[in-house]
Amino acid sequence: MTYRNILEKIRLAFPQPVSDTIHDSYFIHSIMRALDRVDDLKTHLPMLGDFVEGDFEQARRATLPDSMASVEEVTADLVSYLRGMTIFGHPRTQQNVIPPPTIPSLIGVLLASLYNPNMAWDEYSRLVALAEVEAVAMTAQLIGYDPEQASGVFTFGGTATTLYGVKLGLEKACPGTIQTGAPEDAVVLVSDAGHYCAANIAGWLGIGTNNLITIPTTDENEIDLTQLEREVRGALENGKKIAAIIATLGTTDAFGLDDLERIVALRDRLVEEFGLDYQPHIHADAVIGWAWSVFNDYDFENNPLGFRPRTIRALAGACRRIRHLSLADSVGIDFHKTGFAPYISSLVLVKDQADLELVIRHPEQMPYLYQFGEHRPGMYTLETSRAGTGPLAALANFRLFGEEGLRVILGHIVEMTQLLREHLEGHEGTTVLNRENFGTVTLFRAYPIGIDTFSIKRHEFEDAAYHDSLLKHNDYNREISEYVHSEAMEGRGVVISITDCYRRTQYGEPIVALKSFILSPFVDETDVEMVVSKVLEARGKVSGIC
Ligand SMILES: *Cc1c(COP(=O)(O)O)cnc(C)c1O
């Protein structure tokens with residue numbers, strides 16, 4: 001075959017550049033065939049097909065095929081990789097902070113992938129650049145920033161949102177580090193319940209993980225303000241520069257919410273007292289918590305959407321912290337967490353767009369770009385090429401849900417979480433650990449028959465005499481988790497997860513907890529009851545004498 005024959009086949013494997021409705025049908029048909037094949041994998045179980053153990057040894061020996069395959073063959077091959085995938089939208093999936101994406105957000109991703117706008121520059125993204133600006137404006141307004149003054153960009157994950165925040169802060173505290181490299185005296189502060197990405201960022205930015213100061217948290221999984229003040233003072237007295245204070249609004253495991261209002265007040269007070277010539281940057285890692293902003297002006301008194309009283313209390317409890325998000329200098333937002341968009345859809349917002357100039361490059365450094373056009377985020381983004389998928393997915397969901405829709409979907413999963421807690425608290429064998437955290441994640445422990453769950457939780461947390469009991473019950477909960485998991489894989493029960501260290505006891509040991517993260521709008525009361533009954537069933541099955 002001459003290359004021309006093969007080229008014909010290659011051309012058919014691309015969407016056609018000029019209108020060709022017959023080929024369009026072929027394209028759509030190919031997508032439908034893929035969806036049909038995925039549908040064949042669906043059963044009543046919370047996963048696609050059977051669980052298949054991946055052979056990573058063999059995978060490492062994979063080689064490039066010699067010749068072409070058909071679109072159909074490739075499709076079938078790709079779908080086979082979905083076997084065993086958890087269906088995150090399934091009502092019996094409560095595993096982690098992974099949402100099911102909506103249809104419009106998927107179409108947003110498809111369109112952005114199909115025409116491949118590059119968000120570095122409006123010359124390569126045209127009105128998709130506008131979509132990003134609109135999504136930024138809507139989010140800024142939602143959290144209470146002045147949209148005239150604020151700005152932001154979509155970036156490569158929640159981790160990158162914090163990276164941007166800390167980098168801007170580093171430039172404020174130690175001007176010129178873009179040229180000179182990070183100095184040795186810069187520190188970053190974050191709570192011990194904050195995300196580990198803070199350590200990553202300190203490492204990758206050259207600040208160094210030794211300069212990451214971890215502040216203990218209160219029983220409510222919030223940063224301890226007294227300790228924070230002591231550490232910030234100590235750092236300043238020792239001549240250190242505060243590159244950033246990261247406030248976590250919605251910790252990953254427990255949905256702890258740092259008291260941003262008081263952190264900002266503390267910062268302002270110390271700037272004054274120490275006569276600092278810069279304002280230590282406060283970045284709010286709200287990648288999970290941002291979505292609660294839709295309740296900032298909800299009428300909790302009249303409750304027009306008719307949530308249950310416990311739900312109202314939980315929503316108001318979260319809002320009392322989330323409503324202060326606009327006090328932060330920058331905020332991280334993941335639409336791929338509580339915004340029901342596919343990965344990656346993360347947005348970093350800055351309160352003052354002038355901050356982005358701290359990391360701007362000069363056009364002469366980028367001779368092949370930016371000859372014209374007026375919108376050039378690529379002048380300051382860390383990325384060069386940047387996909388339009390995140391902005392279109394986020395915008396799609398804002399349009400789809402509106403404020404009311406977001407209130408309903410979030411309110412529902414909070415309501416289901418509260419029901420779960422009610423059921424867990426209604427049994428003597430189980431106890432909720434993060435009662436005072438009002439998100440959609442519930443950490444709980446089961447105890448063997450005969451243990452007083454009312455007092456054991458506090459004893460194991462506070463009293464070193466309970467050290468052995470704590471470790472024994474850590475193992476007990478691991479056993480419970482294994483039983484519940486294997487049952488779920490057989491189609492009996494619910495997929496939940498386990499965390500090896502929800503937090504440490506006062507004497508320093510990790511507390512293992514069972515974890516339910518509700519993010520599917522399909523979850524209903526029977527599904528949360530199922531969690532409780534499976535755990536109780538497991539209590540009867542596992543030894544309990546470990
Ligand atoms: C998930 C998470 C991150 C990391 O976000 P990615 O989008 O996974 O990079 C950071 N902070 C918190 C609190 C998170 O829950």
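Here the structure is a predicted model, which means the values were calculated and not measured.
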**Message:** Would you compute the distance between atom CG of Leu443 and atom CZ of Phe517 and round it to the nearest 0.5 angstrom?
**Reply:** 9.5 Å
**Request:** Please answer whether the main-chain N or O of Pro183 pairs with a side-chain N or O of Lys241 as donor and acceptor at a distance below 3.5 Å.
**Result:** no
**Message:** Can you give me the closest heavy-atom contact between Gly439 and Thr417, atom names plus distance?
**Reply:** O-CG2, 3.6 Å
**Qualifying salt bridge (Lys or Arg N to Asp or Glu O under 4.0 Å) pairs with a residue from residues 149-168, counting only residues at least two apart or across chains** = Lys167-Glu171
**Request:** Applying side-chain hydrogen bond (donor to acceptor under 3.5 Å, both in side chains), name anything that partners Ser330, two or more places apart in sequence or on another chain.
**Result:** His281, His283
**Prompt:** So, do Arg376 and Met379 sit near enough that their side-chain heavy atoms are less than 4.5 Å apart?
**Reply:** yes
**Request:** Over all heavy atoms of both residues, which pair between Thr442 and Arg421 is shortest? Give the atoms and the distance, please.
**Result:** OG1-NE, 3.1 Å
**Request:** Would you name the heavy atoms of Thr155 and Glu383 that are closest together and state the gap between them?
**Result:** OG1-OE2, 2.6 Å
**Message:** Please check: side-chain N/O of Asn434 versus main-chain N/O of Ala254, any donor-acceptor pairing under 3.5 Å?
**Reply:** yes
**Asked** What pairs with Phe444 under ring-ring contact (aromatic ring centres under 6.0 Å, His included), at least two apart in sequence or on another chain?
**Response** none
Would you tabulate the side-chain donor-acceptor contacts of residues 387-406 under 3.5 Å, counting partners in other chains and residues two or more places apart, or write 'none'?
residue: Asn397; atom: OD1; partner: Thr102; partner atom: OG1; Å: 2.5
residue: Asn397; atom: ND2; partner: Gly339; partner atom: O; Å: 2.7
residue: Asn397; atom: ND2; partner: Phe340; partner atom: O; Å: 2.8
residue: Arg399; atom: NH2; partner: Glu134; partner atom: OE1; Å: 3.1
residue: Glu403; atom: OE1; partner: Arg407; partner atom: NH2; Å: 3.4

**Prompt:** Say you draw a straight line from CD of Gln95 to CD1 of Ile87; how long is it, rounded to the nearest 0.5 Å?
**Reply:** 12.0 Å
**Message:** Looking at Met119, is its backbone amide N or carbonyl O close enough to the side chain of Arg386 to form a donor-acceptor pair, meaning the two atoms are under 3.5 Å apart?
**Reply:** yes
**Request:** Would you check if Trp290 and Leu347 make a side-chain contact, meaning some heavy-atom pair closer than 4.5 Å?
**Result:** no
**Asked** Taking all atoms of both residues into account, what is the closest heavy-atom pair of Ala235 and Val187, and its distance?
**Response** CB-CG2, 4.2 Å
**Request:** Compute whether any side-chain donor of one residue and acceptor of the other, for Ser125 and Asn118, lie under 3.5 angstrom apart.
**Result:** no
**Message:** With rounding to the nearest 0.5 angstrom, report the CG to OG1 distance, Leu205 to Thr162.
**Reply:** 10.5 Å
**Message:** Would you compute the distance between atom CD1 of Ile518 and atom OG1 of Thr440 and round it to the nearest 0.5 angstrom?
**Reply:** 7.0 Å
**Item:** Shortest non-hydrogen contact between Trp292 and Val414, atoms and distance
**Value:** CZ2-CG2, 3.8 Å
**Message:** Applying ring-ring contact (aromatic ring centres under 6.0 Å, His included), can you list everything that pairs with His336, at least two apart in sequence or on another chain?
**Reply:** Tyr343
**Request:** May I ask you to decide if Ile288's main-chain N or O and Asp334's side chain share a donor-acceptor pair within less than 3.5 Å?
**Result:** no
**Message:** Suppose the criterion is side-chain hydrogen bond (donor to acceptor under 3.5 Å, both in side chains): which pairs have a residue in residues 189-214, not counting sequence neighbours?
**Reply:** Asp192-Thr217
**Request:** State which residues pass side-chain hydrogen bond (donor to acceptor under 3.5 Å, both in side chains) with Glu415; sequence neighbours excluded, sorted by chain then number.
**Result:** Thr311
**Message:** If the condition is salt bridge (Lys or Arg N to Asp or Glu O under 4.0 Å), which residues does Arg267 pass it with, not counting sequence neighbours?
**Reply:** Asp329
**Item:** Pairwise ring pair (Phe, Tyr, Trp, His ring centres under 6.0 Å) hits with a residue in residues 88-113, at least two apart
**Value:** none
**Item:** Exam field: side chain Ser113 to backbone Val109, donor-acceptor pair closer than 3.5 Å
**Value:** yes
**Message:** Rounded to the nearest 0.5 Å, what separates atom CG in Asp268 from atom CD in Gln279?
**Reply:** 5.5 Å
**Item:** Distance in Å, Lys42 NZ paired with Met47 CE, rounded so as to fall on 0.5 Å steps
**Value:** 14.5 Å
**Prompt:** With a cut-off of 6.0 Å (strictly less than), are more than 12 heavy atoms of other residues, nucleotides or ligands near CZ of Phe300?
**Reply:** yes
**Request:** Say whether, by atom type as modelled, one donor and one acceptor occur between the side chain of Asp352 and the main chain of Ala354 under 3.5 angstrom.
**Result:** yes
**Message:** Assess, by modelled atom type and distance only, whether the side chains of Thr499 and Asp253 contain a donor and an acceptor separated by less than 3.5 Å.
**Reply:** yes
**Message:** For a quick check under 3.5 Å, do Arg445 and Thr431 share a side-chain donor-acceptor pair by atom type?
**Reply:** no
**Item:** ring-ring contact (aromatic ring centres under 6.0 Å, His included) partners for Tyr124, two or more places apart
**Value:** Trp121
**Prompt:** Does a donor on one side chain sit under 3.5 Å from an acceptor on the other, for Asp285 and Thr248?
**Reply:** no
**Item:** side-chain hydrogen bond (donor to acceptor under 3.5 Å, both in side chains) partners for Asp355, two or more places apart
**Value:** Lys172
**Prompt:** What are the two closest heavy atoms between Leu163 and Ile201, and how far apart are they?
**Reply:** N-CD1, 3.5 Å
**Request:** Go through the structure and list residues passing ring-ring contact (aromatic ring centres under 6.0 Å, His included) with Phe295, not counting sequence neighbours.
**Result:** Tyr298
**Asked** Between Ser293 and Leu325, is any pair of side-chain heavy atoms under 4.5 Å apart?
**Response** yes
**Within 6.0 Å of NE2 in His485, more than 12 heavy atoms from elsewhere** = no
**Request:** May I ask you to decide if Glu222's main-chain N or O and Asp259's side chain share a donor-acceptor pair within less than 3.5 Å?
**Result:** no
**Message:** Apply side chain to side chain donor-acceptor pair (under 3.5 Å) to residues Gln353 and Ser151 and explain how you reach the verdict.
**Reply:** CA-CA 5 Å; Gln353 53 190 335; Ser151 185; 4.6 Å; no
**Prompt:** Any side-chain heavy atom of Glu220 within less than 4.5 Å of one from Glu436?
**Reply:** yes
